[in-house]
Amino acid sequence: MGFPWGLDLGSQNCVVAIARKGGIDVIDNEASSRKTPCMVGLGGRERGLGEAAKSKITSNIKNTVADVKTLIGRKWSETGVQQLAKTLPWELKEGPNGGILISLMYEKEGDECKKTDFTPEQILAMLLVNLKQTAENHNKSPSPDCVISVPCFFNDSQRRAVLSAAEIAGVKCLRLMNDTAATALNWGLPKSMDFPDDTAAPKHVLFYDMGYTSTQCCLVAFTKTKMTVLASAFDRELGGRHFDRCMLDFFAEYWKTKAKLNLFDNPKSVFRLETQVDKIKQQLSGYSSNTKLPCNVECLQDDQDFHHSIELDQWVEMTKPLVDRCLEPVKQVFAATKLMFDQVEEVEVVGSATRSPLVVNALRDFLGKEPKRTMNSEEAVSKGCALNAAMLSPNFKVREFGIIDCTCYSVALGWTPGAGEMEVEGKRDTVFGQYNVVPSAKLLTFMRTQGFDITAAYSEPQELTEGMPTEIGHWAVTGVGPAADGGPSKIKVKVRMDANGIFSVDTAQVVEEVEPEPAPEAPKEEDKGGDAAMPDAAADAPAEAAPEPAGAEKEAAPAEGGEKKKKKKKEGSDGEDDGEEKKKKKEKKKKAEESDSWDDDWGDVDTSEAAVAARSAALGGVDQDALAAKMDKAAKVADAAPADDSDSGGGAPGPPPP
Ligand SMILES: Nc1ncnc2c1ncn2[C@@H]1O[C@H](COP(=O)(O)OP(=O)(O)OP(=O)(O)O)[C@@H](O)[C@H]1O
Ligand SMILES: [Mg+2]
């Protein structure tokens, strides 16, 4: 039996954890290491993956891609990508559709060794093959099912690219999970029985993760049955790498005066000095009073040896601006949730860069609370992913626990106006605000006589990186004609932010309005429950989920004002719907149709597990019935969560502060 596994897809290191009957274990790779370098090296016909790529990097630096995660799903237009292109030892160039390509020397079978272009997805897929192999070697069986972590700030394009890479690699990604949520799940699930009941005030915990390239932070509310990420914040450009760079610049300056050489002219020299810098940085983390540590590299550049040293006090001074930035994401999550510091019971740190006392001290001084490290900093994310993979696997029995995450970016929709409506260029309405519950779905109602286009885009460009395209996608709703009475048809469009954090337009259905048959024996309230008195099974059909049968929706007119929440009425259940009422409704509907207004229904909430069940079913290969049953159960747990996503304006979901 293939065991499900979890993958912490890091920038520097990847960690694989598997779910077994006895619990979750992090597993060793072929070099007996619990973490695998995020590197892919090509050379001739060979492909070095992970450890193999790292072991040859000094002799193959121009053909070794490290940290492909930073490139995945990004566009050439992004300022950060252009800057990276100038510093990387291999060629990065513009690819099709504004994407990027990585140019490496590679020898295809029957061909000479020459520059070959790869997409970041292809490179990541190569690495995923190696990581899947690690899981399978351990399990001694095929293990396709896995949950992969991504930073909470990954946008739609980045998330889709990770899924494509998984598909290329033959990895069945049951779900993408934000690093932040995976950490919180790994921390919270084992303790869940000790958390407050759903009716009581939840336990609030702050999670802080500083890795190699970025920092993420989230505030989570825990109860016995679920965890809710109330808000997450991040700094894409603050991680161990940026601390390294301070020391590297310091040494490079010295090298310039001493050897009259520019270190950055030679990528191999940079890599060798960087390796030393990383070691010194980690050693400095162990000192509390001033100390001086040497840095020596033989034949660093042009056969000249490098000898210098750095003091702790100098280190503290040069990294002060970075340490000050550490607190920004923390401030943002508190501002978003409106919680006070003393309402947060615990602060938990993960990510290896938080091993620096400079970071932990800054957090303690700011929050007035000692940050704890009760989990393994390097393994918490992978274990959280493996736990989630086990929850999604029909072969495992894990305590039911809802996972409710949130979006980092606001998503807005624009659409072609209906007849008589003014086209307002660039006009879009926010459907999923920042910190909106994930996963969730919303139902929009349009009145149209013909097909129309929908575009989705990030509505707050300041939340994105410079140059990142705001456009998410474009959908055409076709096959729409006038209604039977010649007026506009009612079209219900379901948009979704799925458990992977990916936006999509799910379905578009024309809803036919059918006048209710005059009920011969309108069921009275007291008749309810009496089998013989039930007039129509459709009357009690679930109000949401499955596609609505034509005529089941009896709502007469779209609600005025886009933000209003609509109350659904069921056919034949309303005995007071007299002639006068109907007339008023008809008039209202006519008015709405004339102005071709639109209507929304914010109450349609999905659950992560259900969404994953659908995805898993599409992928095939697992016992679908067992999985579906498991999803159903899990969905009930998640449904008990704060499902009201009506606040498209972006208020933090979840329970109010105690
Ligand atoms: N003792 C230490 N003191 C300071 N920094 C450390 C220490 N140990 C490791 N680091 C730094 O932690 C960083 C790697 O952290 P981690 O393994 O969590 O990153 P990652 O998960 O690969 O990256 P990311 O989460 O950004 O994608 C490196 O920059 C490393 O130098
Ligand atoms: Mg990480």
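Heavy atoms only: backbone and side chains are in, while hydrogens, waters and symmetry mates are out. In each ligand, atom 1 is the first atom listed, and ligand 1 is the first ligand listed.
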Worksheet item: Salt bridge or not for Asp156 and Arg159, using N-O below 4.0 Å?
Response: no
Fill in: Residues Asp25 and Lys383 bridged, charged N to O under 4.0 Å
no
Worksheet item: Within a radius of less than 6.0 Å around CD of Glu328, do more than 12 heavy atoms belonging to other residues, nucleotides or ligands occur?
Response: yes
Worksheet item: Are Arg241 and Tyr212 in a cation-pi contact, defined as NZ or CZ under 6.0 Å from the six-membered ring centre and within 45° of the axis?
Response: yes
Fill in: Side chains of Leu238 and Leu322 in contact at under 4.5 Å (non-hydrogen atoms)
yes
Discussion item. Closer than 4.0 angstrom, basic N to acidic O: yes or no for Lys369 and Glu345?
Written reply: no
Between ligand 1 and the protein, find all N/O pairs closer than 3.5 Å and give the distance for each.
from, atom 1, to, atom 2, distance (Å)
ligand 1, 3 (N), Ser285, OG, 2.7
ligand 1, 12 (O), Ala353, N, 3.1
ligand 1, 18 (O), Ser352, N, 3.0
ligand 1, 19 (O), Tyr212, N, 3.1
ligand 1, 22 (O), Ser11, N, 3.2
ligand 1, 22 (O), Gln12, N, 2.9
ligand 1, 22 (O), Asn13, N, 3.1
ligand 1, 23 (O), Ser11, N, 3.4
ligand 1, 23 (O), Tyr212, N, 3.0
ligand 1, 26 (O), Tyr212, N, 3.0
ligand 1, 26 (O), Thr213, N, 2.9
ligand 1, 26 (O), Thr213, OG1, 3.1
ligand 1, 26 (O), Ser214, N, 3.4
ligand 1, 27 (O), Ser11, N, 2.8
ligand 1, 27 (O), Ser11, OG, 2.5
ligand 1, 27 (O), Lys69, NZ, 2.7
ligand 1, 29 (O), Lys281, NZ, 3.3
ligand 1, 31 (O), Asp278, OD1, 2.5
ligand 1, 31 (O), Lys281, NZ, 2.6

